[in-house]
**Q** 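Structure below; questions to follow.
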Amino acid sequence: MDHFEVLGTDGAARAGLLRTAHGVVETPIFMPVGTVGSVKAVAPDDLADIGAQIILGNTYHLYLRPGDELVARHGGLHGFSSWDKPILTDSGGFQVFSLSALRKVTDDGVEFRSHLDGSRHLFTPEKVIAIQRNLNSDVMMQLDECLPYGASHKDAARAVEHSARWAMRCREAYRPGAAGNLLFGIVQGVTYPDLREQSARALTDIGFEGYAIGGLAVGEPKHMMLGCLRRLHPILPADKPRYLMGVGTPLDIVHAIAEGVDMFDCVLPTRNARNGTLYTSQGKINIKRKEYAEDDGPLDPECSCYACRNFSRAYLRHLYVSKELLSFRLNSLHNLTYFLKLARGARKAILEGRFQAFKATYEAAYPDEDALFEGAGPE
RNA sequence: GGUGGGGUUCCCGAGCGGCCAAAGGGAACAGACUGUAAAUCUGUCGUCGUAAGACUUCGGUGGUUCAAAUCCACCCCCCACCA
């Protein structure tokens, strides 16, 4: 049986199934980020309760601490962290971008200075595959080079070339056996249409179990992000999953689903939860605002998460303002619930042929942000 | 009763003749956050004004000085030690 199956479409939007060694994932899906082997502030049981189907881990962070070999000795990332559902691991490509001051990119790979102790490490395509195999990742990512928005065409071309060559080496280093751990390639190219296309074609020539789109939502205008997705749509194989890395806001996700993307991950729900920004059916709210000090109502009347069922806005504000640890847990649970519900809702809407109406409800909840997507017409 | 140390903008606390509306924290009030070096970061924070600027503040009252939160006198509080 193939590892990916499209069950239905509505326009370009798709609803499908992704089969992995640790279970089946229903797409479109939002994947909570658990960089160091923990989705911050949330226990695995809580994640399962709110319907999380697959979470992320990070190659760079887990390699540095506690070390991928240690993780392997303790049951892989699943056993070590007590999460028996699927795990996708990022390759460290994003750290090429976010830790740019601490690394040097060469043709062979990326040389890092550890942000923890300054020690030097070399990440090659083969190395990141070996690490991800130690972690026993269900969905491994190739080593890629992620550049910031605004990078020159010349730099972007070089990064695309690196990423393509590294994709080949990752593919050679790992081909899934019967167990079926998967390897995804990553399309780069900043905002240059020719490079994005070139990158995608190089990857499809090699052949992967899925295709990620990286280097977006890093500051470029929204219409450029959508334009890029639209251009990739006919190039990427229809029978393989598509993963928009690091995205995004609820609206980003809804718009990207409309362009045929199946998988998402983002730190926003968890990071914003810790910083007091909560997502509701009425839009974003900052729970620390004075106006919620006496508000006895639930955070979101349309949400049935543990936080919304049991606590008032006034209490959630109090916990946040008081820096109580429970604040992190409740807020994170709520935001993750919101993102997971969005993905479930999108899937259902696609299967029922009413995705446009579904999308419109989210556009209405974030009118100001939605205006930023204007100009994303057909190319 | 004596000796010493203090009273600064909401709180703590620097300043000790002009560069002071007054450092730095905290609190408060807003904002940001997109493959997590993030329980982080940014802004505002005496009054009026978009601003330039004007005005009112450093326990109280007088005084010295071109100029005082800063120096002097007296007074009122607080703290420590001694009787």
Side-chain angles (χ1 to χ4, degrees), chain A residues 30-42 54-62 64-65 87-103 112-118 128 132 137 139-149 163 184 186-188 210 212-220 222 225 243-253 255-256 261 263-279 284-293 317 319-332 335 339 368-369 372:
Chain A
F30 178 79
M31 307 181 282
V33 180
T35 305
V36 301
S38 159
V39 176
K40 296 185 192 302
V42 183
I54 172 171
I55 63 175
L56 258 68
N58 184 277
T59 297
Y60 167 84
H61 289 281
L62 290 166
L64 286 182
R65 188 169 63 191
I87 294 177
L88 180 152
T89 48
D90 187 24
S91 61
F94 184 71
Q95 280 62 44
V96 172
F97 162 73
S98 66
L99 300 176
S100 58
L102 298 174
R103 56 77 174 148
F112 278 107
R113 298 276 299 278
S114 161
H115 69 283
L116 298 173
D117 64 6
V128 301
Q132 292 179 93
S137 167
V139 181
M140 304 190 287
M141 303 303 300
Q142 71 151 105
L143 182 65
D144 66 324
E145 182 178 356
C146 179
L147 293 185
Y149 170 59
S163 295
F184 282 23
I186 305 176
V187 177
Q188 288 292 346
I213 300 139
L216 289 178
V218 289
E220 79 283 356
K222 302 287 188 186
M225 179 173 85
Y243 163 29
L244 181 53
M245 305 186 79
V247 171
T249 67
L251 272 183
D252 286 340
I253 293 173
H255 278 108
V261 175
M263 302 164 67
F264 302 87
D265 78 284
C266 191
V267 304
L268 271 183
T270 42
R271 179 184 291 168
N272 280 2
R274 278 175 273 122
N275 293 332
T277 297
L278 304 174
Y279 293 89
K284 256 183 351 182
I285 72 170
N286 198 325
I287 197 62
K288 76 183 174 187
R289 289 175 62 96
K290 191 183 189 62
E291 64 178 291
Y292 305 123
R317 176 181 193 269
L319 291 179
Y320 180 79
V321 167
S322 307
K323 298 175 165 59
E324 278 297 317
L325 297 184
L326 184 56
S327 173
F328 297 139
R329 173 157 177 260
L330 296 179
N331 292 351
S332 298
N335 276 352
F339 277 66
D368 295 348
E369 291 175 39
L372 300 174

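Throughout, protein chains are lettered first and strands after them, A, B, ... in sequence-line order, and every chain is numbered starting at 1. Side-chain atoms are counted along with the backbone in the values below, which use heavy atoms only and exclude waters and symmetry mates.
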**Q** If we take the C1' atom in both B/rG53 and B/rU61, what is their distance in whole Å?
**A**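 Taking atom C1' in both B/rG53 and B/rU61, they lie 32 Å apart.
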
**Q** Which whole number of Å gives the distance between the C1' atom of B/rU8 and that of B/rG60?
**A** 15 Å

**Q** Strictly by Watson-Crick or wobble contacts shorter than 3.5 Å, is anything paired with B/rG4, and which nucleotide is it?
**A**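 For B/rG4, the partner nucleotide comes out as B/rC79, under the 3.5 Å rule.
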
**Q** Which value, in whole Å, describes the distance between the P atoms of nucleotides B/rA51 and B/rA22?
**A**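 Going atom to atom, P in each nucleotide, I get 15 Å.
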
**Q** For B/rG17 versus B/rG1, give the span between their P atoms, rounded off to a whole number of Å.
**A** 34 Å

**Q** Taking only residues two or more places apart in sequence or in another chain, which ones pass ring pair (Phe, Tyr, Trp, His ring centres under 6.0 Å) with A/F184?
**A**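 For A/F184, no residue satisfies ring pair (Phe, Tyr, Trp, His ring centres under 6.0 Å) once neighbours in sequence are set aside.
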
**Q** Please report the distance separating the C1' of B/rC48 from the corresponding atom of B/rU57, rounded so that it comes out in whole Å.
**A** 15 Å

**Q** Base, backbone or nothing for each nucleotide of nucleotides 30-37 of chain B, written B, S, -, heavy atoms under 4.0 angstrom, 5' to 3'?
**A** BBBBBBBB

**Q** Can you tell me the pairing partner of B/rA54 across any strand shown, Watson-Crick or G-U wobble, with both distances under 3.5 angstrom?
**A**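 Its partner is B/rU47.
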
**Q** With a non-hydrogen cut-off below 4.0 angstrom, is A/V321 in contact with a base, only sugar-phosphate, or nothing?
**A** sugar-phosphate

**Q** What integer number of Å spans the C1' atoms of B/rU9 and B/rG59?
**A** 14 Å

**Q** Taking atom P in both B/rC12 and B/rA27, what distance in whole Å separates the two?
**A** 15 Å

**Q** Whom does B/rU70 pair with, Watson-Crick or G-U wobble, provided both distances fall under 3.5 Å?
**A** none

**Q** For A/T59, give me all partners under side chain to side chain contact (heavy atoms under 4.5 Å, CB included), at least two apart in sequence or on another chain.
**A**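 A/T89, A/F123, A/V128, A/I131, A/Q132.
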
**Q** I'd like the P distance from B/rC45 over to B/rA30, given in whole Å.
**A**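 About 16 Å, rounded to a whole number of Å.
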
**Q** Applying side chain to side chain contact (heavy atoms under 4.5 Å, CB included), can you list everything that pairs with A/A273, at least two apart in sequence or on another chain?
**A**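 Checked A/A273 against side chain to side chain contact (heavy atoms under 4.5 Å, CB included); matches are A/N331, A/S332, A/N335.
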
**Q** For A/T277, check side chain to side chain donor-acceptor pair (under 3.5 Å) against everything at least two apart and list the hits.
**A**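 Partners of A/T277 by the side chain to side chain donor-acceptor pair (under 3.5 Å) criterion come out as none, since no residue qualifies.
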
**Q** Can you tell me the Watson-Crick or wobble partner of B/rG31, both distances under 3.5 angstrom?
**A** B/rC41

**Q** State whether the side chain of A/S91 and the backbone N or O of A/G93 hold a donor-acceptor pair below 3.5 Å, judged by distance alone.
**A**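 Between the backbone of A/G93 and the side chain of A/S91 there is a qualifying donor-acceptor contact (under 3.5 Å).
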
**Q** Quick one: list whatever passes ring pair (Phe, Tyr, Trp, His ring centres under 6.0 Å) with A/F339, sequence neighbours left out.
**A**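 In terms of ring pair (Phe, Tyr, Trp, His ring centres under 6.0 Å), with neighbours along the sequence ignored, A/F339 is linked to A/F30, A/Y279.
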
